[in-house]
Amino acid sequence: MTQPRRTTLPNQSRPRLREMGRAFLAIGALAFGGQSGLLALLNRDLAERRGWLGEKDITEAFTYVQLLPGAVVVQVVAYLGWKLRGARGVIVATVAFLLPSLLTMLALGVAYQRIASLAGVRAALNGLTAAVVGLIAVATWKQGRKTITGNFALLAAVAACAASLQWHVNPALLVVTAGLLSVAREAFTGKRKPEATRS
Amino acid sequence: MNSDVALLWTLFWQFAVISLLAFGGGQAVLPLIERVSVAQRGWTTTEAFTSGVGFGYMIPGPVTTMATFIGYLAGGLPGALAATLGMFLAPTLLAAFAAAGVERLADNRWIRAFGAGAAPAVVGLLVATFWNIARHTVTSWPTGLIALAALLLVARTKIQPLWLLLGGAALGGAASALGS
């Protein structure tokens with residue numbers, strides 16, 4: 001008899017959905033600090049404290065979702081939700097994880113609509129958005145260092161920036177075009193030198 | 001079709017498309033959201049968009065939660081729900097499929113190649129968004145200094161964005177109280 005591929009945990013170590021919901025709700029409320037913050041939190045809570053998963057499962061989740069489109073932190077949670085309890089685990093983990101930030105964001109939206117035009121609030125928001133400019137500059141720089149690894153990537157970045165600023169080309173169109181050009185490049189050059197495109 | 005329903009549907013599918021183009025992590029959505037919600041649909045202003053980005057960095061969770069913020073400004077509570085669903089449904093499903101091992105989705109050669117081209121394009125778009133935002137928000141000496149100080153602090157220290165942005169807000173308030 002062939003062994004089926006094990007994609008979820010064996011029965012005895014599966015947590016109950018309610019416990020999972022509570023754990024991911026707490027993680028969601030504390031998930032400051034992007035990917036590295038979440039990695040530390042998951043290792044400490046799910047692996048060390050509860051023993052539901054190994055640190056290897058968590059590292060694997062980060063590795064696999066990295067290449068998919070979407071916010072990595074949510075996708076890591078969805079991935080682990082599947083490992084723990086399959087489809088229902090995905091729903092419980094993702095909803096519980098997102099709930100604290102979504103409710104906070106909703107409250108901020110309500111507050112913004114009501115009081116953003118008051119003079120004092122306006123002044124504070126001017127300071128906040130100025131700080132956002134610094135934050136985005138650094139985030140862009142870091143993202144660039146991670147993804148611009150060759151001439152093709154550099155060209156894609158410069159062309160997308162210029163096309164967006166100068167000719168107001170739709171950014172979605174630019175992302176898709178760059179992706180498709182890269183796929184075409186892989187199709188033409190990838191077969192002869194399969195390792196050349198992997199860094 | 002009722003125009004409210006039409007708005008909700010538009011919010012849902014626009015954010016769903018954006019979520020599927022977010023190669024290279026959460027902030028990849030920022031240029032796409034800015035374009036759609038400010039220039040194309042007029043759901044919000046550059047100022048509100050930038051505040052939303054700030055809130056997204058301040059609170060726990062990914063910066064993509066700003067879909068909720070934009071959705072609320074565009075269409076109230078139903079709008080927030082529609083935009084949120086649009087933003088998170090597809091990436092969550094993709095991650096679940098990857099976990100289920102559906103033809104090793106995350107390791108697929110073509111997805112990898114697509115991402116290798118799309119992610120640097122996103123960086124170029126982030127530069128453009130940075131420029132658009134900076135033009136609208138850095139309009140005086142105090143805001144320029146706040147932006148510069150924020151840049152140096154994020155680059156050099158491990159400060160949490162929450163404290164950084166609250167500091168910016170406090171300085172903005174103080175500057176206007178002293179200045180006018």
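Reckoned from all heavy atoms, side chains included, excluding hydrogens, waters and symmetry mates. Naming convention: chains lettered A, B, ... in sequence-line order (proteins, then strands); numbering from 1 in each chain.
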Colleague: Against chain B, work out which of A:A159, A:A160, A:A61, A:A123 has the most heavy-atom pairs shorter than 4.5 Å and name it.
Modeller: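 Most heavy-atom pairs within the cutoff with chain B belong to A:A123.
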Colleague: Is B:L171 in contact with chain A via its backbone, its side chain, both, or neither, using a 4.5 Å heavy-atom distance?
Modeller: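 Interface part for B:L171: neither.
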Colleague: Counting heavy-atom pairs under 4.5 Å with chain A, which one of B:T92, B:I133, B:T64 comes out on top?
Modeller: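 Of the options given, most contacts go to B:T92.
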Colleague: What part of B:A80 gets within 4.5 angstrom of chain A, counting heavy atoms only: side chain, backbone, both, or neither?
Modeller: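 Contact with chain A is through the side chain of B:A80 alone.
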Colleague: Looking at every heavy atom in both B:V53 and B:V63, which two are closest together, and how far apart are they?
Modeller: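 Distance-wise, the nearest heavy atoms are O-CG2, 4.0 Å.
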Colleague: Under a 4.5 Å heavy-atom cut-off, does chain A meet the side chain of B:S19, its backbone, both or neither?
Modeller: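 For B:S19, backbone heavy atoms alone lie under 4.5 Å from chain A.
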Colleague: Can you tell me how far OG1 of B:T129 sits from CD1 of A:I136, rounded to the nearest 0.5 angstrom?
Modeller: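 One finds 7.0 Å between CD1 of A:I136 and OG1 of B:T129.
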Colleague: Is the shortest heavy-atom distance from the side chain of A:V92 to the side chain of A:R85 under 4.5 Å?
Modeller: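 Heavy-atom side-chain distance check fails, nothing below 4.5 Å.
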Colleague: Flag the one option from B:A169, B:A150, B:G172, B:G173 with the top tally of heavy-atom pairs under 4.5 Å to chain A.
Modeller: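 Of the options given, most contacts go to B:A169.
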Colleague: So do A:E48 and A:D45 actually touch side chain to side chain, heavy atoms under 4.5 Å?
Modeller: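 Answer no - side chains too far apart.
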Colleague: Measure the CG-CG distance between B:L164 and A:L128 for me, rounded to the nearest 0.5 Å.
Modeller: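 Those atoms lie 9.0 Å apart.
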Colleague: Could you look at A:V95 and say if it's the side chain, the backbone, both or neither that has a heavy atom under 4.5 Å from chain B?
Modeller: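 Neither part; nothing is under 4.5 Å.
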Colleague: Shortest non-hydrogen contact from A:T129 to B:E47?
Modeller: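 Closest approach of A:T129 to B:E47: CG2-O, 4.2 Å.
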Colleague: Given a strict heavy-atom distance threshold of 4.5 Å, which part of A:V121 is in contact with chain B: side chain, backbone, both, or neither?
Modeller: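 Neither part.
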Colleague: Would you check if the side chain of A:N43 reaches a backbone N or O of A:A40 as a donor-acceptor pair within less than 3.5 Å?
Modeller: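 Judged by distance alone, no pair lies under 3.5 Å.
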Colleague: If I measure from the heavy atoms of chain B, does A:V77 come under 4.5 Å with its side chain, its backbone, both, or neither?
Modeller: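 For A:V77, there is no contact with chain B at all, as no heavy atom is under 4.5 Å.
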Colleague: Name the option with the most non-hydrogen atom pairs under 4.5 Å to chain A; the candidates are B:A147, B:P161, B:A116.
Modeller: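 Counting heavy-atom pairs under 4.5 Å, the top option is B:A147.
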Colleague: Shorter than 4.5 Å, heavy atoms on both sides: which option in A:V175, A:T104, A:V72, A:V76 has the most such pairs with chain B?
Modeller: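 Of the candidates given, the most pairs with chain B belong to A:V175.
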Colleague: Please classify the contact between B:A48 and chain A as side chain, backbone, both or neither, with a heavy-atom cut-off of under 4.5 Å.
Modeller: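 B:A48 touches chain A through backbone and side-chain heavy atoms alike.
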Colleague: Give the minimum heavy-atom separation between A:P100 and A:G28, together with the two atoms involved.
Modeller: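 Between these two residues, the closest heavy atoms are CG-C, 3.9 Å.
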Colleague: Which atoms of B:M87 come close to chain A, meaning under 4.5 Å heavy atom to heavy atom: side chain ones, backbone ones, both, or neither?
Modeller: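 Answer is neither: B:M87 stays 4.5 Å or more from chain A.
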Colleague: Which of parallel (below 30°), tilted (30 to 60°) and perpendicular (above 60°) describes A:Y112 and B:F55?
Modeller: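 Aromatic pair A:Y112/B:F55 classed perpendicular.
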Colleague: Side chain, backbone, both or neither: which part of B:Q40 has a non-hydrogen atom closer than 4.5 Å to chain A?
Modeller: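 For B:Q40, the side chain is the part near chain A, not the backbone.
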Colleague: Which answer fits B:L77, side chain, backbone, both or neither, if we ask what part of it has an atom under 4.5 Å from a heavy atom of chain A?
Modeller: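 Contact with chain A is through the side chain of B:L77 alone.
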Colleague: Determine, step by step, whether A:T94 and B:F88 satisfy the side-chain contact (heavy atoms from CB on, under 4.5 Å) criterion, reporting the C-alpha distance in whole Å, the side-chain angles of both residues, the deciding distance to 0.1 Å, and the verdict.
Modeller: CA-CA 9 Å; A:T94 313; B:F88 291 107; 5.8 Å; no
Colleague: Using a cut-off of under 4.5 Å for heavy-atom pairs, which of B:S140, B:P91, B:G52, B:G115 has the most such pairs with chain A?
Modeller: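 Of the options given, most contacts go to B:P91.
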Colleague: Checking side-chain polar atoms at under 3.5 Å, does B:T65 have a donor or acceptor matched by the opposite partner on B:T68?
Modeller: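 There is no such pair (donor and acceptor under 3.5 Å, judged by atom type) between the side chains of B:T65 and B:T68.
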Colleague: Report yes if the side chains of B:V38 and B:T44 come closer than 4.5 Å at any heavy-atom pair, otherwise no.
Modeller: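 Side chain of B:V38 against side chain of B:T44, heavy atoms only: contact under 4.5 Å found.
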Colleague: What part of B:V127 gets within 4.5 angstrom of chain A, counting heavy atoms only: side chain, backbone, both, or neither?
Modeller: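 When you check distances to chain A, atoms from both the backbone and side chain of B:V127 fall under 4.5 Å.
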Colleague: Any idea which of B:I18, B:T139, B:L151 has the most non-hydrogen atom pairs under 4.5 angstrom with chain A?
Modeller: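 It is B:L151.
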Colleague: Which answer fits B:S51, side chain, backbone, both or neither, if we ask what part of it has an atom under 4.5 Å from a heavy atom of chain A?
Modeller: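 Its backbone and side chain both get close to chain A.
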Colleague: Tell me, out of B:I70, B:I59, B:L126, B:L145, who's got the most heavy-atom pairs with chain A below 4.5 Å.
Modeller: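 Ranked by contacts with chain A, first place is B:I59.
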Colleague: State, yes or no, whether a side-chain contact exists between B:T45 and B:T50 at a heavy-atom distance under 4.5 Å.
Modeller: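 With C-beta onward as the side chain, the pair stays apart.
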Colleague: Is the shortest heavy-atom distance from the side chain of B:F15 to the side chain of B:T84 under 4.5 Å?
Modeller: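 Side-chain contact under 4.5 Å: no.
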Colleague: For A:V158, which atoms come within 4.5 Å of any heavy atom of chain B: side chain, backbone, both, or neither?
Modeller: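 A:V158 has no heavy atom closer than 4.5 Å to chain B.
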Colleague: Side chain, backbone, both or neither: which part of A:V73 has a non-hydrogen atom closer than 4.5 Å to chain B?
Modeller: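 When you check distances to chain B, only side chain atoms of A:V73 fall under 4.5 Å.
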Colleague: Looking at A:L174, A:L108, A:N126, A:T177, which makes the most heavy-atom pairs under 4.5 Å with chain B?
Modeller: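 Highest number of heavy-atom pairs under 4.5 Å: A:L108.
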Colleague: Measure A:A116 against the heavy atoms of chain B and call it side chain, backbone, both or neither at under 4.5 Å.
Modeller: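 Neither the backbone nor the side chain of A:A116 comes within 4.5 Å of chain B.
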Colleague: Where on A:F32 is there a heavy atom nearer than 4.5 Å to chain B: the side chain, the backbone, both, or neither?
Modeller: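 Both backbone and side chain of A:F32 come within 4.5 Å of chain B.
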Colleague: Of the backbone (N, CA, C, O) and the side chain (C-beta and beyond), which part of A:L181 lies under 4.5 Å from a heavy atom of chain B, both, or neither?
Modeller: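 It is neither, since no heavy atom gets under 4.5 Å.
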Colleague: Is A:L98 in contact with chain B via its backbone, its side chain, both, or neither, using a 4.5 Å heavy-atom distance?
Modeller: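 Contact with chain B: side chain only.
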Colleague: Tell me, do B:M66 and A:M105 make a side-chain contact under 4.5 Å, heavy atoms counted?
Modeller: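 Yes. Closest side-chain heavy atoms under 4.5 Å.
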Colleague: So for atom CZ, which belongs to A:R50, do other residues, nucleotides or ligands contribute more than 12 heavy atoms lying within a distance under 6.0 Å?
Modeller: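 More than 12 heavy atoms, drawn from other residues, nucleotides or ligands, come within 6.0 Å of this atom.
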